Amino acid sequence: MSAVPTDVITGILSQLPLRRSFTSNANIKLLLDSYAEDDEYKAYSVDFDSLDNLEELPRPLSTTSFGVSSRIFGSCNGLLAISHDEAGIALWSPSTKECHYPPKLTIGDMYDEIILGFGYDVINNDYKVVRMLSSGKLVMIYSLKAKSWKRIKDCPYEITFHVSQDGAYANGSVHWVGVENDKDDDARVIFGLDIGTEEFHQLPGPESDISYKNFGYRSVGILGGGLCVFRDIYHQDNIVLWVMKEYGVRESWTEDFYVSRDECWQWCMYYTRAISHSRRGDRVLLDNGGRPRQPAWFNLDKRTREVVDIPGAPKHFNAIIFVESLASVLPGNH
């Protein structure tokens, strides 16, 4: 009997935990990304269910200087994408400790923010990084398989500074909140970039399923493996989280929960990003969407907040969900 090639075995094993993990929370880790006082970013992982077994990880691109920032902007199949203002981008597997550094790009505009996204191209079995300006111009895609950047057509949407700017990967596309070019900033839409076809598309919003329309999208994220969006409902003075239950020919949104403005102010924190449901589904883990704060559990039934306190962990951190897997960031394995 002929032996199965090692790369084939690795590829099969790298995909095995994923679907089971998102349904049972098995192999799911919560990564804590924190800025330390010694001009270093430090990363830790804990078991998602118990929030214990704290472990410090060798985070790439950790060293910074005054005015230089670094952040984790994407998580996909156990791989994380990290940005550094000066050093560029790193793709990192906390499970295997592998790291890959795409060539640094220097193109940009001092008046535009850099917008980033990370996802998996199912068609070509490839991981890709998306980098563009907030104006929608200079859209670049890095292919891990090809080990190179290429430019695609400009994005027809502009991403404004006061919404979360990192893309959320779901169903083969990276998604953002933006406005159509030359349109009013209040007319925000949800749009995506198909990682396989490298084409932009607009998604129907939850307003197609509800009666009120006077609100603004704040940020997109991933909840339970599906796309979610936070929105302000101006005339009802609520903040609502909607989750997409179907994706494709007929997108369908379901209201997951709402938080009143009064509740937000009582908590002295403005949560704008959902990280994950608890195993039992009765709580949602929230944070402030990119600003290092102390995440909190929101109890859906009791409508109470419980700040996350992990012994030995830094008090303020960004929280990222990742699944332990054997997926590789080394270009030769794709």
Side-chain angles (χ1 to χ4, degrees), residues 17-34 43-55 57 72 74-78 80 94-95 164 168-171 206 218-231 238-246 253-260 263-264 266-325:
L18 299 178
R19 180 170 297 276
R20 180 174 68 253
S21 295
F22 281 114
T23 56
S24 67
N25 283 356
N27 301 321
I28 291 185
K29 297 286 188 177
L30 186 67
L31 187 135
L32 321 178
D33 196 35
S34 175
Y44 306 82
S45 72
V46 293
D47 296 334
F48 178 76
D49 281 335
S50 61
L51 295 182
D52 59 15
N53 296 324
L54 182 74
E55 176 188 2
L57 302 173
I72 298 175
S75 174
C76 180
N77 295 349
L80 301 178
S95 300
S164 180
Y169 173 78
N171 304 295
R218 290 196 58 85
S219 64
V220 289
I222 303 300
L223 192 62
L227 189 68
C228 67
V229 60
F230 260 106
R231 310 142 44 119
N238 293 333
I239 300 167
V240 182
L241 177 73
W242 289 79
V243 180
M244 182 173 282
K245 298 300 184 183
E246 297 179 18
W253 294 87
T254 300
E255 182 179 317
D256 197 79
F257 71 90
Y258 77 92
V259 181
S260 71
E263 287 175 308
C264 284
Q266 287 175 4
W267 297 345
C268 300
M269 192 176 294
Y270 195 60
Y271 295 99
T272 60
R273 187 172 69 106
I275 300 171
S276 178
H277 282 111
S278 62
R279 177 187 285 272
R280 292 186 298 178
D282 60 337
R283 299 182 298 167
V284 178
L285 187 61
L286 305 174
D287 77 359
N288 200 39
R291 298 180 180 179
R293 299 284 178 85
Q294 202 165 7
W297 287 106
F298 177 71
N299 190 299
L300 299 174
D301 297 323
K302 299 178 181 178
R303 305 197 58 76
T304 56
R305 181 197 67 146
E306 178 185 350
V307 173
V308 173
D309 185 13
I310 301 173
K315 183 176 181 180
H316 296 150
F317 54 85
N318 291 326
I320 302 98
I321 290 288
F322 77 97
V323 182
E324 290 185 314
S325 79

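Please read these numbers as outputs of a predicted model, since none were measured by experiment.
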Between Y44 and I310, does the side chain to side chain contact (heavy atoms under 4.5 Å, CB included) criterion hold? Intermediate values first, please. CA-CA 11 Å; Y44 306 82; I310 301 173; over 6 Å; no
Partner residues of D309 under the side-chain hydrogen bond (donor to acceptor under 3.5 Å, both in side chains) criterion, sequence neighbours left out: none
Does the side chain to side chain contact (heavy atoms under 4.5 Å, CB included) test come out yes or no for L300 and D282, once each step is laid out? CA-CA 6 Å; L300 299 174; D282 60 337; 5.7 Å; no
Tell me, do F48 and V323 make a side-chain contact under 4.5 Å, heavy atoms counted? no
Minimum heavy-atom separation for I321 to S75, with atom names? O-OG, 2.7 Å
Those residues that, when tested against D256, pass side-chain hydrogen bond (donor to acceptor under 3.5 Å, both in side chains) (two or more places apart): H277
What is the minimum heavy-atom distance between L286 and A274, and which atoms define it? CD2-CA, 3.8 Å
Sequence-distant partners of D301, side-chain hydrogen bond (donor to acceptor under 3.5 Å, both in side chains), two or more places apart: none
What distance separates F317 CZ from L32 CG, expressed to the nearest 0.5 Å? 4.5 Å
Does the side chain to side chain contact (heavy atoms under 4.5 Å, CB included) test come out yes or no for I72 and F322, once each step is laid out? CA-CA 11 Å; I72 298 175; F322 77 97; over 6 Å; no
Measure the shortest side-chain to side-chain distance between R303 and F298 over non-hydrogen atoms and say whether it is less than 4.5 angstrom. yes
So, for S325 and G78, which heavy atoms are closest and what is the spacing to 0.1 Å? OG-CA, 3.9 Å
Atom OG1 in T304, atom CG in N299: separation rounded to 0.5 Å? 4.5 Å
To check you understand the geometry: which heavy-atom pair defines the closest contact between A319 and P295, and what is its length? CB-CG, 4.1 Å
L285 and W297, any side-chain heavy atoms less than 4.5 Å apart: yes
Using the side chain to side chain contact (heavy atoms under 4.5 Å, CB included) definition, which of the options D49, V308, D47, I275 pairs with L30? I275
Any carboxylate oxygen within less than 4.0 angstrom of a Lys/Arg side-chain nitrogen, looking at E55 and K29? no
How long is the gap from CG on L57 to OG on S95, to the nearest 0.5 Å? 9.0 Å
Atom pair CG (L54) and OG (S45), whose distance is rounded to the nearest 0.5 Å: 7.0 Å
Flag the pair S50 / D52 as yes when at least one side-chain heavy-atom distance between them is below 4.5 Å, and no otherwise. yes
Is the shortest heavy-atom distance from the side chain of L80 to the side chain of P94 under 4.5 Å? yes
